[in-house]
Amino acid sequence: MIIILKKDAEKSQVDSLLNWLKARHITPNVSAGERETVIGCVGDVAKMDIGLVQALSVVERVQRIQEPYKAANRKFHPMDSVIDCSGVKIGGGNFQVIAGPCSVESIDQMIGIAKSVKASGATMLRGGAFKPRTSPYSFQGLGKQGLDILLEAKKETGLPIVTELMAIEHLPLFNDVDVIQIGARNMQNFDLLKEVGAMTKKPILLKRGMSATLQELLMSAEYIMASGNPNVMLCERGIRTFETATRNTIDLTVIPVLKRLSHLPIVIDPSHSTGYAHLVEPCAMGATAMGADALIIEVHNDPPHALCDGVQSQTPEVFDDTMKRVMAIRPHAWQAK
C-alpha cells in the first residue's frame, strides 16, 4: 500500500502518521519527490482500514498495489534512485561505462587494461577474481590474489572496481571493493541475497538469471532491499532462448519496461548478451540510445589468449571507438569521477 501526502503536509502531522503506522507493525518508506511525498507501507496491510487512513487530514489519497515487490517498486519511490559507487553515480541521469577483462589474469594485464579503458572514458573497472564456470576444468579465477590485483589497479587509476561475489564467506575479502556483483547463476540464491542485504551497504550489481522473468529479477532485488541494503542496480546480461546465432539473446526491452516498473538503475551487458565482440558496439549504442543508466563491457588486451571469454572481449582499440560512439549518443549524461 502507498500513501500520497498533501503538498502542504506539516512535519508534525507526517511524524504522527509514521508513528501510527509503526505502532501497527508497518514499516514506512518515505520518498519525497518534487511534486509529492509518498509513503510506501511494507508489512501486513491487508487488514488496515484504507478509509481510516484516507480520512486523515495529511493524506491526499491511498492506493493498494498488486505487485509482490515493494521496495523496488516505482510506485513506492517515484524518483529514479541514484547509486553512489565511491563517487561515481549511476542513475537519475548519470550514465557510466564499466569496462575491463572477464577475468583477472596478472597484475600487468589488469593495470594495463585499467589505464587504457580509463583513457577511453570508462569510469569504473570490472574484473573477475572468483569465476563461476560451466566446466569444472575451466579457469576458475585467481581468488584473493585476483582481488589484490584489482585493488592495485584501483590505486593506479582511481577507478572504482566491480567484481563478483560467489559465496558469503568471501564477503570479508570484499571490504575495499566498490561494487559487488551478484552473477546470473546466483540471482536466485536467496540466502546470498539476504546476507549481502543485511551485512553490507555497498552497491550491488544484480545480474538477471539466464531464464528469469523481470518479475523474478525484481523479486531478487527485493530480497536485498528488504534485508536492509537499498543500493541495488539491475543488470541485463542476455537470456537463454532457442536462438543459436548468439551466445544469449539480448533483451533491450528491459530498459523501458523496468523504467516503468522500478526506480532502480538499469545496466546493460552487451558482452555476455551477445557472446561476440563484433556485436558489442551496436548493442551498446542501442542500449545507450534507449536510456540505459550504465554499460558493462569486457575489454582484453589479447582476446585470442584470454583465459576466459576472449571471443566476446573487445580490444582496447575497438573499445575506444565504441566509447566515442556511445559518448556521441549521450554527451550530456556523462558524469566522470
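- Here the closest non-hydrogen pair linking Ala167 and Leu192 is C-CD1, 4.2 Å.
- Note: the hydrophobic cluster containing Ile297 also contains Met327 (ILVMFWY, side chain heavy atoms under 4.5 Å, direct or indirect links).
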Next on the checklist: side-chain contact (heavy atoms from CB on, under 4.5 Å) for Val311 and Tyr276? Distances and angles first, verdict last.
Outcome noted: CA-CA 6 Å; Val311 70; Tyr276 295 99; 4.0 Å; yes
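- There is no path of hydrophobic side-chain contacts, each under 4.5 Å, that joins Met285 to Leu279.
- Counting only heavy atoms from C-beta outward, the side chains of Leu206 and Met187 approach each other to under 4.5 Å.
- Looking only at distances, no side-chain donor or acceptor of Asn231 sits under 3.5 Å from a matching main-chain atom of Ile83.
- Applying the salt bridge (Lys or Arg N to Asp or Glu O under 4.0 Å) test to every pair with at least one member in residues 103-119, sequence neighbours left out, gives these pairs: Lys115-Glu156.
- Partners of Thr241 under the side-chain contact (heavy atoms from CB on, under 4.5 Å) rule, at least two apart in sequence or in another chain, are Ile239, Glu243, Thr249.
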Checklist entry - Does the side-chain contact (heavy atoms from CB on, under 4.5 Å) test come out yes or no for Lys70 and Met225, once each step is laid out? => result CA-CA 9 Å; Lys70 311 297 182 187; Met225 300 176 78; over 6 Å; no
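- Between Ile268 and Ile266, some side-chain heavy-atom pair lies under the 4.5 Å cut-off.
- For the atom pair Ser106 OG and Leu307 CG, the distance stands at 9.0 Å (nearest 0.5 Å).
- The heavy-atom pair separating Gly291 from Ile255 by the smallest distance is C-CG2, 3.8 Å.
- At most 12 non-hydrogen atoms from other residues, nucleotides or ligands lie less than 6.0 angstrom from CD of Glu10.
- Side-chain contact between Ile204 and Leu165: absent, with no pair of heavy atoms (C-beta onward) separated by less than 4.5 Å.
- A side chain to side chain contact (heavy atoms under 4.5 Å, CB included) with Ile39 is found for exactly one of Ile2, Val53, Val62, Leu18, namely Leu18.
- Remark: side-chain polar atoms of Thr288 are paired, donor with acceptor, to backbone N or O of Ala284 under 3.5 angstrom.
- When the shell of 6.0 Å around CZ of Arg24 is examined, it contains more than 12 heavy atoms from other residues, nucleotides or ligands.
- Proximity of Ser271 to Ile296: side-chain heavy atoms (C-beta onward) are nowhere separated by under 4.5 Å.
- Interatomic distance, OG of Ser31 versus CZ of Arg74, reported as 10.0 Å (0.5 Å rounding).
- Between atom CZ of residue Phe130 and atom CD of residue Gln181 there is a gap of 13.5 Å, rounded to the nearest 0.5 Å.
- A heavy-atom distance below 4.5 Å is found between the side chains of His272 and Asp309.
- Checking side-chain atoms of Glu152 against main-chain N and O of Leu147 turns up no donor-acceptor pair under 3.5 Å.
- No donor-acceptor pair closer than 3.5 Å links the side chain of Ser116 to the backbone N or O of Gly112.
- Taking each heavy atom of Ala9 and Val58 in turn, the nearest pair found is CB-CG2, 3.3 Å.
- Under a 3.5 Å cut-off, the side chain of Ser262 and the backbone N or O of Leu258 do not form any donor-acceptor pair.
- Side-chain heavy atoms closer than 4.5 Å link hydrophobic residues (I, L, V, M, F, W, Y) into clusters, and following such links, possibly through other members, connects Leu252 to Val326.
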Side-chain atoms of residues 168-180: list all donor-acceptor pairs with protein atoms under 3.5 Å, sequence neighbours left out, distances to 0.1 Å.
from: Asn175; atom 1: ND2; to: Pro172; atom 2: O; distance (Å): 3.1
from: Asp178; atom 1: OD1; to: Ser86; atom 2: OG; distance (Å): 2.4
from: Asp178; atom 1: OD1; to: Lys154; atom 2: NZ; distance (Å): 3.1
from: Asp178; atom 1: OD2; to: Lys154; atom 2: NZ; distance (Å): 3.1
from: Asp178; atom 1: OD2; to: Ile161; atom 2: N; distance (Å): 2.8

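- Separating the CG atom in Asp191 from the NZ atom in Lys194 is a distance of 5.0 Å, to the nearest 0.5 Å.
- Put simply, the side chain of Met210 reaches to within 4.5 Å of the side chain of Arg237, judged on heavy atoms.
- Legend: residues meeting ring pair (Phe, Tyr, Trp, His ring centres under 6.0 Å) with Phe319, ordered by chain and number and at least two apart, are absent.
- Side-chain N or O atoms of Asp320 include none that pairs as donor or acceptor with a backbone N or O of Pro316 at under 3.5 Å.
- Here the closest heavy-atom approach between residue Thr157 and residue Ala114 is recorded as CG2-CB, 3.7 Å.
- In this structure, CG on Leu234 lies 5.0 Å from CG on Leu217, to the nearest 0.5 angstrom.
- For the atom pair Leu17 CG and Ile3 CD1, the distance stands at 5.0 Å (nearest 0.5 Å).
- For Asn94 (side chain) and Val88 (main-chain N/O), no donor-acceptor pair under 3.5 Å exists by modelled atom type.
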Checklist entry - Hey, mind stepping through Leu193 and Ser227 against side-chain contact (heavy atoms from CB on, under 4.5 Å) and telling me if it holds? => result CA-CA 8 Å; Leu193 300 181; Ser227 298; over 6 Å; no
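- Nearest heavy atoms, Ser313 versus Ala277: O-CB, 3.5 Å.
- Heavy atoms of other residues, nucleotides or ligands lying less than 6.0 angstrom from NZ of Lys324 number 12 at most.
- No side-chain heavy atom of Ile26 sits less than 4.5 Å from a side-chain heavy atom of Trp20.
- Hydrophobic clustering of Ile, Leu, Val, Met, Phe, Trp and Tyr side chains at less than 4.5 Å, counting indirect connections, unites Leu151 with Leu142.
- Asn29 contributes no side-chain N or O that, together with a main-chain N or O of Ala71, makes up a donor-acceptor pair within less than 3.5 Å.
- Within the 3.5 Å criterion, the main-chain N or O of Leu5 finds no donor-acceptor partner in the side chain of Thr37.
- Taking every heavy atom of both residues into account, Cys235 and Leu205 meet most closely at CB-CD1, 3.8 Å.
- Atom OH of Tyr223 has 12 or fewer neighbouring heavy atoms from other residues, nucleotides or ligands inside a 6.0 Å radius.
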Next on the checklist: Between Glu36 and Glu60, is the side-chain contact (heavy atoms from CB on, under 4.5 Å) condition met? List the steps.
Outcome noted: CA-CA 10 Å; Glu36 59 187 17; Glu60 178 68 32; over 6 Å; no
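- A salt bridge links Glu298 with Arg126: the closest approach of a Lys/Arg side-chain nitrogen to an acidic carboxylate oxygen falls below 4.0 angstrom.
- Both Phe95 and Met290 are assigned to one and the same hydrophobic cluster, defined by single-linkage of ILVMFWY side chains at heavy-atom distances under 4.5 Å.
- Among pairs with a residue in residues 277-295, those fulfilling salt bridge (Lys or Arg N to Asp or Glu O under 4.0 Å) read Lys259-Asp293, Glu281-Arg325, at least two apart in sequence or across chains.
- Each salt bridge (Lys or Arg N to Asp or Glu O under 4.0 Å) pair with one or both residues in residues 206-228, not counting sequence neighbours, appears once here: Lys207-Asp269, Arg208-Glu236, Arg208-Asp251.
- Using a 4.5 Å heavy-atom cutoff, the side chains of Gln63 and Met1 are not in contact.
- Judged by distance alone, with hydrogens and angles left aside, the side-chain atoms of Arg330 form a donor-acceptor pair with the main-chain N or O of Ala292 at under 3.5 Å.
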